[in-house]
Amino acid sequence: MTSAGLRIAAAALAAALACGAGTAASPQAQALPGKGEAGPWVLSAPPESYERDGLFGYIDGGAEIFLQYRFARLDLGRYELAAEGTKKEITCEIYRMGSPLDAFGIFSVKREGSEGASPALPDPNIFDAGQASFVRGSCYVNILGTGTSAPEMDGFARAVVQRLPAEGDDPLQAIARLPREGIRPRSERFIKGELAAQAESDLLSDPRWKFAAGTTAVSARYGEPPSRLVLMEFADDDPERPAHIWDLFIEALGRAEIRDGVVEARNAAGSVILFSARGRTGALVIGRSGPDAARRPLAQAFR
Amino acid sequence: MPDPNIFALSGDGRPDGVSRRDFLGLAASGVAGIVLGGPLAGQEKPAAAKSAPQNPADIATNVDAIRKIPRTAASLPGRYSGKVVRVSTGSASVQGKVDPAKVKAAVDKGMRSLTGRANAAEAWREFVSPEDIIGIKVNPISLKRLPTRPEVVDAILEGLAVAGIPKSNIIIWDRRHFQLVEAGYTAERFPGIAILGTEMKGPNGDFYDEKGELWAKDNIDREAMPYFADTEMPYGKNILPYMINQGKESYFSKIVTRKVTKIINVPVLKNTGGTATLCLKNLAYGSLSNTSRLHKLWAKSVAEPCAMPPLRDKVILNIADGLQACYEGGPAADKPQYFWDANVMMFGTDPVAVDQVAHDIIVRKRIEAGIQEADNARNREFLDIAAGLGLGVADAAKIHLTELGID
């Protein structure tokens, strides 16, 4: 390396340390495009990285749910166009999670289901002129653009995809056990931890579901108006589980009954809420189309 | 007259190289956290003991010391404990486009009903006098999408004017100056009124001065009693400008400790997960530094700071803006599909009672929309904590709710 190169490298290191960047370049940090690697976009500041505690500072109040999906590290790059005088900016966040399924999980609870998607990015993804989000290996990637066009976001997102390895198991295997008939596209979620459970339904925030103890779930929406099916894998065997859930429905909704092993209740808005369990597997349906429609996904869940 | 030297605002207050979306991510991601995890607060313990989850209930605070601070005649819940006036504003908001005349009518009616006075001037004079320095605490966290509507502040300013308060004695404030500007609170829009944020840039256009110190470091009051919570987290150089200090203390802004003598709290009707956080959260998190760590003890940290003198003894009114509201995606309000023209405003001196009424509105809407199945008492724990601190009435059965319309 030339002396000029050494000076540049030293300056870059000093700048990185000054901004709180991590001390070691992670694989996902290397996925942040450098100059000339994502068209005209150049880093406007040294890359930043955050580990567990630092994430609380970066995401003001929103870090806990990432931790429940076994967040390991965030690498972040802020970009601007090489040409001066534009207001266009891109922020690229690459979150390393515990596994590809964890990465899908955090992606899935952050999407609404109504967003656009791009066939050019890994499936599933969220894509429009201002945002591109997707899962690649154990990484959840979230790219935010200000003033950007769809082609610009597409070009940048593709550059990141090319630089991230597609490692590990296919996370979509986990949601394959959801019944496909009537499923609303892009509504599937992988639920892990109390916060994601609460985001799915406030009913699931109750400790009797044991999400803090290891219960996980996959969920999806069905039909119109949408009913929700939550397929749970419980942390333990509990033959009394239907009785516990019956208690919960009584407390939360006022009335509940058990018919043919199915706990059934209605809420103030007329939604039908059903729960059934077989061993460590349970299914919760929150239906907005009456009891018959609500029982359909429940029956399919155990088929 | 507000001292302009303490808060030397410059530019839009946004740090160099950080986009608007980043700010959405920063401020509003709290949002995501709150929406997703929200009133339950977090479960993780920072640096000192990463392996052991920290139960929010076990995080000690200085609440015992707070309880011992003698109350004053001005302490919350103020003149009208447990009383809430809910004014239906008809068509004042149509898809978020606000009719100022209807807002003005709603404010006048709400103030007259709250106080029982014959006219608005008398109603306002019950709370303020010309020697007061009035701080209007707005909520601009959602920027242009769903902030405290400037038209509501216009109506309040008219009320203060008829009560004889000079413009020079009025401050519109929040913690982040750039959010005030983005939400429409500019000197051009409100001539003669000071627009102040605790977190701000200096004359060099940066958050840091040439010595690497935050320009805003002197905007927090280290001499006033801080809110202590036995938890902390490190902030990097990029985050610190929005927290101002690290450690186990959160300090009050000098805006509340030194600049204003009375506070009119003007929050927005938005959900936070399965509840609504209007008055208490707008005050506590809007006034303190080092808030990110406080999400771990969310319910306590929303309620307990409001029992400290800078807030407890200065807040005179809560006027909640529910012209347009959101029942999901709050408090960042980044999901417009969940906005609705609620067309309601609420008035009270008791922030707990107003928040309880708002909680009921939001939960009912969420249940109707199929977002939530039932009310969950855990989500409103902060209201019970606040009531236990003597800040107001959280029991819906004991709230005296007056419902009016403007037509």
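Reminder, nothing fancy here: chain letters follow the sequence lines and each chain counts from 1.
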Please round to the nearest 0.5 Å and tell me the distance separating atom [atom1] of [X] and atom [atom2] of [Y].
{"X": "A:R52", "Y": "B:M233", "atom1": "CZ", "atom2": "CE", "answer": "11.5 Å"}
{"X": "B:D334", "Y": "A:E112", "atom1": "CG", "atom2": "CD", "answer": "8.5 Å"}
{"X": "B:D375", "Y": "A:L253", "atom1": "CG", "atom2": "CG", "answer": "11.0 Å"}

Quick one: what part of [X] sits under 4.5 Å from any heavy atom of chain B, side chain, backbone, both or neither?
{"X": "A:E80", "value": "neither"}
{"X": "A:R266", "value": "neither"}
{"X": "A:L203", "value": "both"}

**Request:** Would you mind reporting whether A:E64 and B:H295 have side-chain heavy atoms less than 4.5 Å apart?
**Result:** yes
Which portion of [X] sits near chain A, non-hydrogen atoms under 4.5 angstrom:
{"X": "B:I371", "result": "backbone"}
{"X": "B:A377", "result": "neither"}
{"X": "B:Q246", "result": "neither"}

**Request:** Mind checking ring pair (Phe, Tyr, Trp, His ring centres under 6.0 Å) for A:Y140 and listing every partner two or more places apart, or none if nothing turns up?
**Result:**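 Ring pair (Phe, Tyr, Trp, His ring centres under 6.0 Å) check on A:Y140 returns A:Y95.
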**Request:** Looking only at non-hydrogen atoms, find the nearest pair between B:G370 and A:R228 and report the distance.
**Result:**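 It is O-NH2, 2.8 Å.
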**Message:** For a quick test of reading the model, state the closest non-hydrogen atom pair linking B:A374 to A:A252 and the distance between them.
**Reply:** CB-O, 3.1 Å
**Item:** Pair A:S271-B:E373, side-chain donor/acceptor within less than 3.5 Å
**Value:** no
**Request:** Check whether more than 12 heavy atoms from other residues, nucleotides or ligands sit under 6.0 Å from atom CH2 of B:W340, and answer yes or no.
**Result:** yes
**Prompt:** What salt bridge (Lys or Arg N to Asp or Glu O under 4.0 Å) pairs are there with at least one residue in residues 196-213 of chain A, not counting sequence neighbours?
**Reply:**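 Counting only pairs at least two positions apart or across chains, the salt bridge (Lys or Arg N to Asp or Glu O under 4.0 Å) contacts touching residues 196-213 of chain A are A:R189-A:E200, A:E200-A:R221, A:D206-A:R208, A:R208-A:E251, A:K210-A:D236.
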**Candidate pair A:I286 and B:Q372, rule side chain to side chain contact (heavy atoms under 4.5 Å, CB included), full reasoning** = CA-CA 10 Å; A:I286 301 167; B:Q372 190 170 329; over 6 Å; no
